[in-house]
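Report on the following structure.
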Amino acid sequence: MDTKTVQGYTLIKDGVNRWRIPKFGKMRVDAIVYVNDALLSLLHDDQSLRQLVNAAMLPGVVEPVVGMPDIHEGFGLPIGGVMAIERHGVISAGAVGYDINCGVRLLRTDLEARDLDKETLYKLIERIEHYVPTGIGKKGRHKGITRKIFDDVVHNGVEAVIRAGFGDRQDLNYIEDGGRLSGADISAVSKEAQERGEEQLGTLGGGNHFIEIQRVDRILDEKLAQAFGLFKGQVTVMIHTGSRGFGHQIATDYTKILWEGAKKYGIEVPEKGLAAAPIDSKEGQSYYKAMVAAINYAFSNRQIIMCDVIKAFEDVLKKTAESMGFKLVYDVAHNIAKWERHGGRDLLVHRKGATRALPAGHPQNPSAYMQTGHPALVPGSMGTGSYVVVGKGELSESFFSVNHGAGRKLSRTKAKSITKQEFERAMGDVIYNVGSYKDIVDESPLAYKDVEEVVGVLVNRGITIPVAKMVPLAVVKGVD
DNA sequence: ATGTAC
């Protein structure tokens, strides 16, 4: 029997790139981690496995809790964690994350990367920055409109911003859950969160959020790529952002409320980050209503940003969106909790740094992707590359989830010690909008795991099909 | 991730 000890836990190898922590102590279910040896050895210094083990102790948790190959330490559930809870179990804000419905959107075009020279790329990112406010605390350019439609947005999602003129009704078919979950209730959201939300709709934010102009570098599955409108040498645009200060405030508010709730209902919570209350309780219900408001908001935020990015391309290239072939490929959430049907029962699946990936034929696929499975978007770091994959095979164990990115290897603090030379070398020819490398050094490719390796783990495990790899040409990051 | 602090 192949075993390893990491973070004091004994893991048993149980299949290709699959390690099991059998339940012990207060764990109610086993934990499974999808990693290879190299990625497992990166986990020695962090607390991600302990966090996964702790999640396995929560009431109502369903076998197994799952760690993805990009797993690393977070607040509560690790980033790269999946935790499904049965109907009468608990809901946890920390298992969704501070950036509720952080997610990724991919746009395709008919443009060829070879037609965009450096000067044009610089103009494009400059123009994108003109339209899309970036950085922490920034307010939206569309405040006049977004304040008016705010209530509509949180309850009805992307449909509301489309009604206000951002994009086309067709877009709804290319967003997870049609860009809206039901059950939002603004009255469950604090005044403070509402104020932050009204002002920040249509902004990118900071940290790992980005807008990237990419070139399709490799097609790995010709048939699926064609179905997604992707071809080699093509220009694509990837947008990575979430619910900004709105979701953050909700997460902050409810972490406190659920912590008190846990005490009130006598739920043993192993750490503050996993603060949780019964789904059926007043506190749990309120969090769900507020969380869904933030989910709808984040989908809408990416919709507005998409429209602004397309406007920037129209300005610079002096062509219409239509003539450039702009089309939304897909939009996925990777910090979310939602009700899903698994194995004949309704489960509240918490995904934190994990992406849903429904395979071909799964009834929950949007109609456009029923025959193929929907694209799952896996951004790497800003200097390396990103993948489009599709789920396949034994995905039910992970509740139809795959990894969400490369995953951090160095903490932000540790990444600060990367030198300018190291940073520039890692960025290669990629153009970026930031003057000083110091402003984004913690987002250096060197701070991230190797996306090829991370994606390869699930490919080799037989639960994803790689479809296309995109490499960055130019990236817009937010700085303070 | 985040008006990065109760």
Inset, instruction - Could you state the atom-to-atom distance from CG of A:Asn301 to C1' of B:dT2 in whole Å? - result: 14 Å
Inset, instruction - Name every residue in residues 239-262 of chain A that has at least one heavy atom under 4.0 Å from any atom of DNA chain B, in order of residue number, or write none if there are no such residues. - result: A:Arg244, A:Gly245, A:His248, A:Gln249
Inset, instruction - Can you tell me the distance, in whole Å, between the CZ atom of A:Phe75 and the P atom of B:dT2? - result: 16 Å
Legend entry - From A:His155 atom NE2 to A:Asn296 atom CG, the distance as rounded to the nearest 0.5 Å: 9.0 Å
Tell me which donor-acceptor pairs under 3.5 Å the side chains of residues 260-269 of chain A have, and how far apart each pair is, sequence neighbours excluded?
{"from": "A:Lys264", "atom 1": "NZ", "to": "A:Glu283", "atom 2": "OE2", "distance (Å)": "2.8"}
{"from": "A:Tyr265", "atom 1": "OH", "to": "A:Glu283", "atom 2": "OE1", "distance (Å)": "2.6"}
{"from": "A:Glu268", "atom 1": "OE2", "to": "A:Lys26", "atom 2": "NZ", "distance (Å)": "2.4"}

Legend entry - Length of the OH-P vector between A:Tyr297 and B:dT2, whole Å: 11 Å
Inset, instruction - Indicate, with a heavy-atom threshold strictly under 4.0 Å, whether A:Gly206 touches base, sugar-phosphate, or nothing. - result: sugar-phosphate
Legend entry - Whole angstrom value for the distance that separates C1' of B:dA5 from CD1 of A:Ile136: 14 Å
Inset, instruction - Select base, sugar-phosphate, or nothing to describe what A:Arg408 touches, counting heavy atoms under 4.0 Å on all strands. - result: nothing
Inset, instruction - Provide, to the nearest angstrom, the distance between the CD atom belonging to A:Glu192 and the P atom belonging to B:dA5. - result: 15 Å
Inset, instruction - For A:Ser381, check side chain to side chain donor-acceptor pair (under 3.5 Å) against everything at least two apart and list the hits. - result: A:Thr384
Inset, instruction - Taking side-chain contact (heavy atoms from CB on, under 4.5 Å) as the test, write out the residues that go with A:Glu198, two or more places apart. - result: A:Arg147, A:Phe150
Legend entry - Distance, rounded to the nearest Å, where A:Lys138 contributes NZ and B:dT4 contributes P: 14 Å
Inset, instruction - With sequence neighbours left out, write down each residue that passes ring-ring contact (aromatic ring centres under 6.0 Å, His included) with A:Tyr387, or none if nothing qualifies. - result: none
Legend entry - Check ion pair A:Lys138-A:Glu199 (N to O, under 4.0 angstrom): no
Legend entry - Residues forming a side chain to side chain donor-acceptor pair (under 3.5 Å) with A:Asn301, sequence neighbours excluded: none
Inset, instruction - Please list all pairs passing the side-chain hydrogen bond (donor to acceptor under 3.5 Å, both in side chains) test where one or both residues lie in residues 60-80 of chain A, with sequence neighbours left out. - result: A:Asp70-A:His404
Inset, instruction - Could you pull out all residues at least two apart from A:Val441 that satisfy side-chain contact (heavy atoms from CB on, under 4.5 Å)? - result: A:Lys416, A:Ile418, A:Phe423, A:Tyr437
Inset, instruction - Strictly below 4.0 Å, heavy-atom distances to any atom of DNA chain B: list the hits from residues 438-447 of chain A, or just say none. - result: A:Glu443
